[in-house]
Chemist: 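Quick one: structure below, then a few questions.
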Amino acid sequence: MRGRTTATLALLLALAGCAGTDRPGPGDDSSHDPSHDPSHDPGHTDGASSTDEPAGLPSGGPVDDPVEVEPAPAPLDWQDTGVEPGTRYVKGPDWEALGDAGDTRVELARDGKAVTVVAGRGRRISEVLMSEEWAVVVRQDTAETAPSEVAVVDLATGETGEVATPPAASGGSWALAAGDLWFPTYGDGGAYCLASAALADSNGEDGWCAPDRSGFSGLTASEHGVGMMTFDDARPVACRTVNVLDDSGVPQPLEGPEDCTAWDVAATADGAVWSEVPRPRRQEEARFRASADGTYFDLGPGTTGTAVPCGDSVFFVRDSQGPDEPARLMRWTPQRTLEVAYESPSTGNAFLGEPACGGGVLTLASYGEEGDQHVWATVS
């Protein structure tokens with residue numbers, strides 16, 4: 001199986017073992033990188049736009065007593081992808097991206113038109129990202145000594161280009177929203193930094209750099225902002241902080257999470273969604289919370305490393321909570337409702353892969369004793 005189990009375990013090892021290293025580095029797809037952000041308004045580190053409640057929307061509680069939200073069934077219109085679960089696959093509104101078993105190539109296809117991106121000698125496909133306008137394919141050096149190569153496909157024309165500068169670090173966390181790409185790079189003195197690129201003109205630039213002996217991971221991006229988790233090399237467990245980039249591209253810590261426990265983060269129109277890990281030795285088990293206009297909500301249990309903004313909402317996975325429970329995909333909406341967007345056909349020993357969003361289309365793999373599924377749905 002691909003995705004959450006492999007990437008999450010890699011990040012757990014990085015967080016547990018980064019003490020004693022000179023600096024974090026992108027040793028694999030999900031480890032050694034810091035960054036996350038809550039609100040795009042630099043004047044509000046909690047991601048809230050104001051303390052006044054919009055008419056008709058439920059109000060949360062104070063930060064130390066968030067309102068518990070009961071989920072309601074609201075399944076999306078899921079369709080079978082026709083692709084084996086565990087296969088690298090991202091679907092967009094018009095295009096779809098399909099990788100091979102060896103991560104040696106990705107084929108982007110639409111209505112009989114196809115564009116193929118090959119990893120090349122000594123490289124593998126490590127990331128495939130898609131928005132409505134662009135697709136990004138990252139070709140990582142298998143020895144992890146050379147920078148990653150970044151292929152960019154203009155989905156309006158099918159033309160292929162590259163983001164060459166600044167050079168992308170090997171591995172690390174990546175995010176794409178509309179025509180903007182965020183990725184890790186190295187700065188002066190080997191500092192681990194966050195770069196961004198406007199894909200329309202291939203204009204990339206360096207940004208914020210993590211302090212010594214710290215890193216960032218878990219990048220998410222949407223029209224509402226860029227989120228990231230930063231971490232240090234404290235023992236026995238790294239101290240983790242979730243952030244949202246301000247207007248100058250500097251991560252601002254989210255108000256709400258308990259110190260050093262946060263993991264996922266995604267910005268919303270009126271706040272943010274994040275997760276906290278209450279027990280360090282059970283780092284896949286989290287509690288998700290949300291802020292909205294200065295009030296707070298408890299969204300219940302979820303799985304770290306699974307939060308993704310898509311369409312107008314933020315989604316996260318809740319694996320089976322008991323022998324008779326299915327795995328569920330949860331959705332936090334702009335109306336401040338928590339919905340069950342998908343339930344696995346299996347119960348008990350059932351779990352979901354990391355959701356992937358391609359320009360408002362969500363792709364999801366489900367695994368369990370009653371059979372696996374690989375499905376997609378458009379998010380309104």
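The figures here come from the full heavy-atom set of this structure, side chains too, leaving out hydrogens, waters and symmetry mates. Positions are given from 1 along the sequence. If you're wondering where the values come from, they're calculated on a predicted model, not measured in any experiment.
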Chemist: Would you mind reporting whether Arg318 and Phe351 have side-chain heavy atoms less than 4.5 Å apart?
Modeler: no
Chemist: Compare every heavy atom of Gly179 with every heavy atom of Glu133, then report the nearest pair and how far apart it is.
Modeler: OE1-N, 4.4 Å
Chemist: In terms of hydrophobic clustering (I, L, V, M, F, W, Y; side-chain heavy atoms under 4.5 Å; direct or indirect links), are Val137 and Val90 co-clustered?
Modeler: yes
Chemist: Is there a donor-acceptor pair closer than 3.5 Å between any side-chain N or O of Ser291 and the backbone N or O of Ala272?
Modeler: yes
Chemist: Do Trp332 and Val69 have side-chain heavy atoms sitting under 4.5 Å apart?
Modeler: yes
Chemist: Are any of the side-chain nitrogens in Glu276 or Arg289 under 4.0 Å away from the carboxylate oxygens of its partner?
Modeler: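 Salt bridge between Glu276 and Arg289, a charged N being under 4.0 Å from a carboxylate O: yes.
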Chemist: Would you check if there is a donor-acceptor pair between the side chains of Ser170 and Gln140 at a distance under 3.5 Å?
Modeler: yes
Chemist: With a 6.0 Å cut-off (strictly less than), is the heavy-atom count around CD of Gln335, excluding the residue itself, greater than 12?
Modeler: yes
Chemist: The test is side-chain contact (heavy atoms from CB on, under 4.5 Å); show your working for Arg88 and Asp103 and say whether it passes.
Modeler: CA-CA 8 Å; Arg88 189 184 295 278; Asp103 286 331; 3.4 Å; yes
Chemist: Just wondering, do Val138 and Ile125 contact through their side chains at under 4.5 Å, heavy atoms?
Modeler: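 When only atoms from C-beta onward are counted, Val138 and Ile125 do not touch, as no gap falls below 4.5 Å.
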Chemist: Consider only side-chain heavy atoms of I, L, V, M, F, W and Y, link residues closer than 4.5 Å, and tell whether Leu76 and Val317 are in one cluster.
Modeler: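 Leu76 and Val317: one cluster.
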Chemist: Applying disulfide bond (SG atoms under 2.5 Å apart) as the test, list every pair that has at least one member in residues 113-191; sequence neighbours left out.
Modeler: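 Counting only pairs at least two positions apart or across chains, no disulfide bond (SG atoms under 2.5 Å apart) contact touches residues 113-191.
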Chemist: Check Asp264 against Thr303 and note the closest heavy-atom contact, atom names and distance.
Modeler: OD1-O, 4.3 Å
Chemist: With Glu162, which residues qualify under side-chain hydrogen bond (donor to acceptor under 3.5 Å, both in side chains), at least two apart?
Modeler: Arg139
Chemist: First locate atom CZ of Arg287, then atom OG of Ser275, and finally report the distance between them rounded to the nearest 0.5 Å.
Modeler: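 If I round to the nearest 0.5 Å, the distance is 12.0 Å.
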Chemist: Is any side-chain heavy atom of Val163 closer than 4.5 Å to one of Glu149?
Modeler: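 Result no, sub-4.5 Å side-chain heavy-atom pair not found.
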Chemist: Run the numbers on Asp77 and Gln79 for side-chain contact (heavy atoms from CB on, under 4.5 Å), then give the verdict.
Modeler: CA-CA 7 Å; Asp77 183 16; Gln79 308 293 320; 3.0 Å; yes
Chemist: Do Val63 and Val277 share a hydrophobic cluster, counting only Ile, Leu, Val, Met, Phe, Trp and Tyr and linking them when any side-chain heavy atoms are less than 4.5 Å apart?
Modeler: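 Yes, Val63 and Val277 fall within the same hydrophobic cluster.
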Chemist: Give a yes or no on this: more than 12 heavy atoms of other residues, nucleotides or ligands lie within 6.0 Å of atom CG of Asp201.
Modeler: yes
Chemist: Do Arg110 and Asp94 come close enough that some side-chain heavy atom pair is under 4.5 Å?
Modeler: yes
Chemist: Please name the pair of heavy atoms, one in His374 and one in Glu84, separated by the smallest distance, quoted to 0.1 Å.
Modeler: ND1-O, 3.5 Å
Chemist: Does the side chain of Val115 reach to within under 4.5 Å of the side chain of Thr160, using non-hydrogen atoms?
Modeler: yes
Chemist: Whether the side chain of Arg124 engages the backbone of Thr142 through a donor-acceptor N/O pair (distance < 3.5 Å, no angle test) should be reported.
Modeler: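 Checked: no pair found.
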Chemist: Cluster question for you: counting only ILVMFWY and a side-chain heavy-atom cut-off of under 4.5 Å, with indirect links fine, are Val106 and Tyr89 together?
Modeler: no
Chemist: What's the shortest heavy-atom distance between Gly60 and Thr295, and which atoms?
Modeler: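 Smallest heavy-atom distance, with atoms named: N-OG1, 3.0 Å.
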Chemist: Just verifying a value: how many Å separate Asp180 CG and Glu223 CD, rounded to the nearest 0.5 Å?
Modeler: 12.5 Å
Chemist: Same hydrophobic cluster for Val340 and Trp376, using side-chain heavy-atom links shorter than 4.5 Å among ILVMFWY?
Modeler: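 No, Val340 and Trp376 fall in different hydrophobic clusters.
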Chemist: Go through it in stages, so that I can follow the logic: the residues are Thr104 and Val118, the test is side-chain contact (heavy atoms from CB on, under 4.5 Å), and I'd like the CA-CA distance, side-chain angles, deciding distance and then a yes or no.
Modeler: CA-CA 6 Å; Thr104 65; Val118 178; 5.9 Å; no
Chemist: Does any donor atom in the side chain of Asp319 or Gln321 lie under 3.5 Å from an acceptor atom in the other side chain?
Modeler: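 Judged by distance alone, the side chains do not pair up.
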Chemist: Listing request: all disulfide bond (SG atoms under 2.5 Å apart) pairs with a residue in residues 228-291, at least two apart in sequence or in separate chains.
Modeler: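 For residues 228-291, and leaving out neighbouring residues, the disulfide bond (SG atoms under 2.5 Å apart) pairs sorted by first residue read Cys239-Cys260.
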Chemist: Give me the atom names and distance for the closest heavy-atom approach of Gly171 to Pro184.
Modeler: O-CG, 3.6 Å
Chemist: Out of curiosity, Leu108 CG to Lys113 NZ, how far, rounded to the nearest 0.5 Å?
Modeler: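 Between Leu108 CG and Lys113 NZ, I get 11.0 Å after rounding to 0.5 Å.
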Chemist: If you count heavy atoms of other groups shown closer than 6.0 angstrom to CD of Glu258, is the number above 12?
Modeler: no
Chemist: For the rings on Trp274 and Phe288, is their centre-to-centre separation under 6.0 Å?
Modeler: no
Chemist: Only one of Ser366, Pro75, Pro355, Ser344 clears side-chain contact (heavy atoms from CB on, under 4.5 Å) with Leu329; which?
Modeler: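 For Leu329, the side-chain contact (heavy atoms from CB on, under 4.5 Å) check succeeds only for Pro355.
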Chemist: As an exercise, state the distance from CZ of Phe231 to CZ of Arg213, rounded to the nearest 0.5 Å.
Modeler: 12.5 Å
Chemist: Going by heavy atoms in the side chains, are Lys91 and Trp95 under 4.5 Å from each other?
Modeler: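 No, too far: nothing below the 4.5 Å cut-off.
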Chemist: Salt bridge or not for Asp270 and Arg336, using N-O below 4.0 Å?
Modeler: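 Judged by the 4.0 Å cut-off on N to carboxylate O distance, Asp270 and Arg336 do form a salt bridge.
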Chemist: Supply the atom-to-atom distance Leu176 CG to Leu199 CG, rounded to the nearest 0.5 angstrom.
Modeler: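 Reported value, rounded in 0.5 Å steps: 6.0 Å.
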Chemist: Please find the pair of heavy atoms, one from Ser59 and one from Phe297, that lie closest to each other, and give the distance.
Modeler: C-CZ, 3.6 Å
Chemist: Does the plane of the ring in Phe183 sit parallel, tilted or perpendicular to the ring in Trp174? Use 30° and 60° as the thresholds.
Modeler: parallel
Chemist: Would you check, one step at a time, whether the test side-chain hydrogen bond (donor to acceptor under 3.5 Å, both in side chains) holds for Arg331 with Ser313?
Modeler: CA-CA 6 Å; Arg331 177 184 188 180; Ser313 302; 2.8 Å; yes
Chemist: State the CZ-CG distance between Phe315 and Leu362, to the nearest 0.5 angstrom.
Modeler: 5.5 Å
Chemist: Quick one: does Asp206's side chain get under 4.5 Å of Cys193's, heavy atoms only?
Modeler: no
